[in-house]
Amino acid sequence: MQIAVVGSGYVGLVAGACFADLGHQVVLVDNDQQKLEALQNGQVPIHENFLPELLERHRGKRLTFSDDLLAAVTASAAIFIAVGTPPTEQGEADLSYVESVARAISGAITGYKVIVEKSTVPVYTSDWIRKIILRNAAAPDKFDVASNPEFLREGTAVTDFLYPDRIVVGADNERCAAVLREIYAPLTNGSYYLRQDAIPQPDRSQIPPPLIVTSAKSAELIKHASNAFLAMKISFINAVASICEAVGANVQQVCQGIGTDSRIGPRFLNPGIGYGGSCFPKDLMAFRSVARECGYEFRLLDEVMRINEEQRRRFVRKVRSALWTLRGKRLGVLGLAFKGGTDDIRESPAILLVQELLQEGCKIAAYDPAARKRAEEVLTSGVEFANSPYEAARDADALLILTEWEEFATLDLPRLYNQLRDPIIVDGRNLYEPALMAGHGFTYYSVGRPATAPDSALISASVPAKFNLP
Ligand code: UDX
Ligand code: UDX
């Protein structure tokens, strides 16, 4: 099928490349000339596993790039809108890009077409897109608007797209649903997975994935509700971690105890410095505001967001209690991306913490395996960018672990010990076992677990922030 994808960002580019891998003919439209040139020259503007392979395989064949939206729409049976929906000052989703694309599409409805919302949008958006296109003189029986939300995690977006837990299609009639069933048929009939050149299957996936057809409104709500629930799960375990710190319990043990309940499950129960990224913070605010517009005060989401903010404040207090004073202290920082496996720093808790510690007068040496370039545009002074974790740790008064990159969980500890001025580690992502760190001579702080020091296996858990530790 001929498909147009409008917006070649984190979602549009992955969707376009994966639709091409399913066998469709895809034109990827973007209004950013620089981005288009980069893509046409074979560059890959985002850090995603398997994306380079897919772009290499399909560029110029099943996947072309264009800035001509009208031509792309005229030629396509389905048009996926994947442009940005950034938060406004008030926290609502800014749908102006979606509206301008919908308006432009109206002029090219030459035959029956399905316009599909791929970007995360508030409920009712599909109604608005339909109104906009009707107002711009498209015949009502010549198009339908569907919702097909994405559940892609950055860093694993290609695998998440080709091995989804489910495919959600929000379509208000069967004619429209049939087009989306056809688009995803290689996944739902399992034929994609039989191919020799299929992207490798991740361990947890069930194939073929179910395709769930709902109304457009329900599909729009599924996306917001999914992200809000996942963020709530993270804030919940972060709140439990704070209680563990107060009583000297171990949150990792609590996670094991609750995560083995099949109704809870072990995933998304990793306590840390809080969630970030271009989705959770934005989607919670958008969900909160659209609920309010519909007359429901979703106060639970306020608490999820408050706990998330609080998590960073608690971490700064933990660094202060480890060092007594912060002004002038040299801190090694591992991780700037909002999570491991990506170069994205949008709403990154690591970046927010570095900015806060700079405010406190700390000197920062930071290392991130992928996000350095993007971070340099934001952290323009006060931060030395190191080329390795050990360089970041050199002569530091403490080492902070802020992003859960796998490579940070397997550091050469004796080498690290020799690099640090003081062997103090404050781990915001619980990458190590406290006893192991004490055994290697570190004073080790983490989230929701007692601090440990080389001379005494456990330091008293609830060290009041105003006292410094031995
Ligand atoms: C977007 C939404 O922001 C997010 O809510 C949703 O979950 C997924 O899609 P992302 O892909 O990260 O996320 O957006 P972004 O990285 O901002 O990329 C959007 C692309 O659309 C950019 O390349 C931009 O140049 C392009 N664009 C934007 C257009 O081509 N036309 C426009 O009118 C506006
Ligand atoms: C999320 C959703 O997972 C995905 O389904 C949706 O389409 C987009 O938003 P993403 O934001 O890319 O994906 O990353 P995710 O892996 O969900 O992590 C989000 C944030 O939560 C990161 O900052 C991560 O460090 C944090 N996190 C995640 C935790 O703190 N604890 C966890 O257990 C899991």
Side-chain angles (χ1 to χ4, degrees), residues 4-16 28-36 38-39 45-46 48 65-67 69 72 80-87 93-105 117-122 125 149-157 160-161 164-166 168 222-224 226-231 233-238 241 255 259 265-284 286 308 311 335 337-342 344-352 402-405 428-430 447:
V5 176
V6 186
S8 63
Y10 281 93
V11 172
L13 183 55
V14 169
L28 198 52
V29 182
D30 203 298
N31 63 4
D32 179 334
Q33 288 305 334
Q34 231 174 338
K35 204 174 262 194
L36 285 176
L39 287 165
I46 55 176
E48 278 297 344
F65 306 101
S66 164
D67 63 351
L69 178 57
F80 286 78
I81 300 178
V83 293
T85 52
D94 172 0
L95 299 172
S96 58
Y97 300 125
V98 173
E99 178 175 351
S100 72
V101 170
R103 204 177 291 283
I105 286 173
E117 297 167 339
K118 195 53 151 163
S119 295
T120 302
V121 291
T125 303
E150 47 81 17
F151 303 101
L152 311 180
R153 289 165 299 158
E154 284 186 39
T156 57
D160 288 346
F161 191 101
D165 288 344
R166 74 301 199 189
V168 171
I222 287 168
K223 175 65 192 173
H224 268 159
S226 287
N227 272 7
F229 189 90
L230 291 167
K233 205 172 173 185
I234 294 167
S235 280
F236 180 81
I237 202 61
N238 280 334
C255 287
R267 299 177 70 190
F268 266 70
L269 280 178
N270 307 323
I273 54 174
Y275 59 78
S278 74
C279 290
F280 283 173
K282 165 176 75 66
D283 291 354
L284 257 74
N308 197 52
Q311 215 47 21
F338 80 91
K339 69 169 189 174
T342 178
D344 196 351
I345 61 167
R346 290 181 286 185
E347 295 293 311
S348 165
I351 295 276
L352 295 169
L402 302 184
T403 303
E404 67 281 35
W405 280 100
R429 298 293 187 165
N430 288 8
V447 180

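Residue numbers run from 1 in the order of the sequence given. All ligand and atom numbering here is 1-based and tracks the order in the structure. Quick note: numbers below take in every heavy atom, side chains included, and nothing from hydrogens, waters or symmetry partners.
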Which of the numbered atoms in ligand 1 are below 4.0 angstrom from a heavy atom of [X]?
X      : answer
Asn31  : 25 (O), 27 (N), 29 (C), 30 (O), 31 (N), 32 (C), 33 (O), 34 (C)
Asp32  : 25 (O)
Gly84  : 1 (C), 2 (C), 3 (O), 14 (O), 17 (O), 19 (C)
Lys35  : 22 (C), 23 (O)
Ser119 : 6 (C), 9 (O)

Check your understanding: Within 45° of the ring axis of Phe151 and under 6.0 Å from its six-membered ring centre, is that where the NZ or CZ of Arg166 lies?
Key -> yes
Sub-3.5 Å pairs, protein N or O with ligand 2 N or O:
unit_1, atom_1, unit_2, atom_2, d
ligand 2, 5 (O), Phe151, O, 3.4
ligand 2, 7 (O), Glu150, OE1, 3.2
ligand 2, 7 (O), Leu152, N, 3.1
ligand 2, 7 (O), Leu152, O, 2.9
ligand 2, 7 (O), Lys223, NZ, 2.8
ligand 2, 12 (O), Glu154, N, 2.7
ligand 2, 14 (O), Lys339, NZ, 3.1
ligand 2, 16 (O), Lys339, NZ, 3.0
ligand 2, 23 (O), Gly276, N, 3.0
ligand 2, 23 (O), Phe338, O, 2.8
ligand 2, 25 (O), Phe338, O, 3.4
ligand 2, 25 (O), Glu404, OE2, 2.7
ligand 2, 25 (O), Arg429, NH1, 2.9
ligand 2, 31 (N), Asn270, O, 3.0
ligand 2, 33 (O), Asn270, N, 3.0
ligand 2, 33 (O), Asn270, ND2, 3.3

Review point. Out of curiosity, Phe65 CZ to Leu39 CG, how far, rounded to the nearest 0.5 Å?
Key: 4.5 Å
Review point. Do Asp344 and Thr342 get their side chains close enough for a donor-acceptor pair, meaning under 3.5 Å?
Key: no
Check your understanding: If you measure only the distance, is there a donor-acceptor pair under 3.5 Å linking the side chains of Gln33 and Asp67?
Key -> yes
Check your understanding: Heavy-atom contact under 4.0 Å between Thr85 and ligand 1?
Key -> yes
Practice item. Report the residues that fulfil salt bridge (Lys or Arg N to Asp or Glu O under 4.0 Å) with Glu150, sequence neighbours left out, ordered by chain and then residue number. Key: Lys223
